[in-house]
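In listed order, ligands and their atoms are each counted from 1. Residues: numbered from 1 along the sequence shown. Excluded from the calculations below are hydrogen atoms, water molecules and symmetry mates; all remaining heavy atoms, backbone and side chain alike, are included. Here the structure is a predicted model, which means the values were calculated and not measured.
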Amino acid sequence: MTEPYTLVGRQARPEDSEIRVGDALVGGKELAIIAGPCSVEDRDQVLQIARAVKQAGAKFLRGGAFKPRTSPYAFQGIKEDGLVLLREARAETGLKIVTEVRDVLTLEAVAAVADVIQIGARNMTNFGLLEAAGDLRTPILLKRGMSATIEELLMAAEYVASRGNLNIMLCERGIRTFERYTRNTLDLSAVPVVKKLSHLPILVDPSHGVGLWEHVPAMALAAIAAGADGLMVEVHHNPAEALSDGPQSLRPDRFAEMMLKVRALAGVLGRTLEAP
Ligand code: PEP
Ligand code: MN
């Protein structure tokens with residue numbers, strides 16, 4: 001049977017794609033660890049967290065400057081000021097920057113700074129944005145929509161690829177189910193399924209996946225065991241005061257502890273995670 005996703009499907013490319021981000025490769029043997037705050041808040045916050053996640057072994061710093069929030073009254077990010085701070089954090093630490101684009105209007109500003117442009121769950125079916133991202137060659141981190149099937153996620157990736165940008169990493173971040181104890185239901189079965197259907201790397205975001213920091217390490221380890229190519233984890237030095245997603249953010253010490261276990265598990269699975 002011919003796959004509907006002609007560019008991102010395994011039939012198009014039987015071997016795994018490795019996405020180059022500077023001197024890092026995502027989708028190879030080495031696990032990609034993206035960590036940082038949900039939102040960039042201020043200079044001290046982002047630099048402090050950047051230093052901590054680097055020390056624990058992350059190679060990528062996440063942080064939203066433009067935040068597409070469910071409520072228009074919720075904190076929307078510090079926008080261009082946040083991009084300036086991310087640039088500064090990269091200059092100091094060497095971490096690669098993963099930051100979210102809110103819409104087509106903010107794409108140019110985000111692309112000028114980002115090493116990886118994040119397209120979030122709320123934008124997975126923003127086809128104009130997917131096409132505009134496809135016209136760039138910057139790597140795209142495409143998150144699964146909260147009610148999207150795996151096929152819809154792959155078709156969204158196909159929109160980006162159809163414009164010539166095959167530098168795409170997918171991200172499972174939980175889907176909406178009847179379960180209310182957790183924020184979302186982290187669909188780890190998406191990892192082996194996507195691996196079978198597509199050559200693109202797939203990462204897992206256990207922070208949005210469960211929404212509760214205390215369960216993040218367990219699900220991070222489960223994601224790696226399931227074959228994920230890396231993790232995206234929210235870290236905040238003062239979760240109680242975070243302007244967004246504090247309840248699911250790990251303190252730096254807990255993140256470092258989790259990374260020790262991720263590194264040990266990587267060894268068992270024939271993956272690698274460089275020591276910091
Ligand atoms: C985020 O990464 O902070 C975010 C908003 O994620 P998602 O798009 O998965 O909700
Ligand atoms: Mn968040």
- Task: Measure the shortest side-chain to side-chain distance between Thr6 and Glu158 over non-hydrogen atoms and say whether it is less than 4.5 angstrom.
- Result: yes
Among the N/O/S atoms of Glu234, the Mn ion (ligand 2) lies closest to OE2
When distances are taken from atom 9 (O) of ligand 1, the protein heavy atom at minimum range is Arg173 NE, 2.6 Å
- [ ] Answer yes or no: is there an ion pair linking Lys143 with Glu100, defined by an N-O contact shorter than 4.0 Å?
- [x] no
For Cys38, the atoms of ligand 1 under 4.0 Å from one of its heavy atoms are 3 (O)
- Taking N or O atoms only and a 3.5 Å limit, does His208 qualify as a polar contact for ligand 1? yes
the protein heavy atom lying closest to atom 8 (O) of ligand 1 turns out to be Ala121 N, 2.7 Å
To the Mn ion (ligand 2), the closest N, O or S atom belonging to Asp245 is OD2
Main chain of Ala114, side chain of Thr99: is a donor-acceptor contact present, judged purely on distance under 3.5 Å?
no
protein heavy-atom neighbour closest to atom 6 (O) of ligand 1 works out as Lys143 NZ, 2.9 Å
Going by the 4.0 angstrom heavy-atom rule, the piece of Glu100 near ligand 1 is side chain
So the atoms of ligand 1 within less than 4.0 Å of a heavy atom of Arg122 turn out to be 7 (P), 8 (O), 10 (O)
| message | If I apply the N/O under 3.5 Å rule, does Asp245 come out as touching ligand 1? | response | no
* **Whether Thr177 side chain and Glu179 backbone form a donor-acceptor pair below 3.5 Å** => yes
- Query: Under 3.5 Å, is there a donor-acceptor pair between the His236 and Asp245 side chains?
  - Reply: no
Taking only non-hydrogen atoms of Gly120 and a 4.0 Å limit, the atoms of ligand 1 in range are 8 (O)
Any salt bridge between Glu30 and Lys59, counting N to O under 4.0 Å?
-> yes
Under 4.5 Å between any side-chain heavy atoms of Arg62 and Met232, yes or no? yes
query: Under 4.0 angstrom from ligand 1, any heavy atom of Met146?
result: no
Would a 4.5 Å heavy-atom cut-off, applied to side chains only, mark Leu47 and Glu88 as touching?
yes
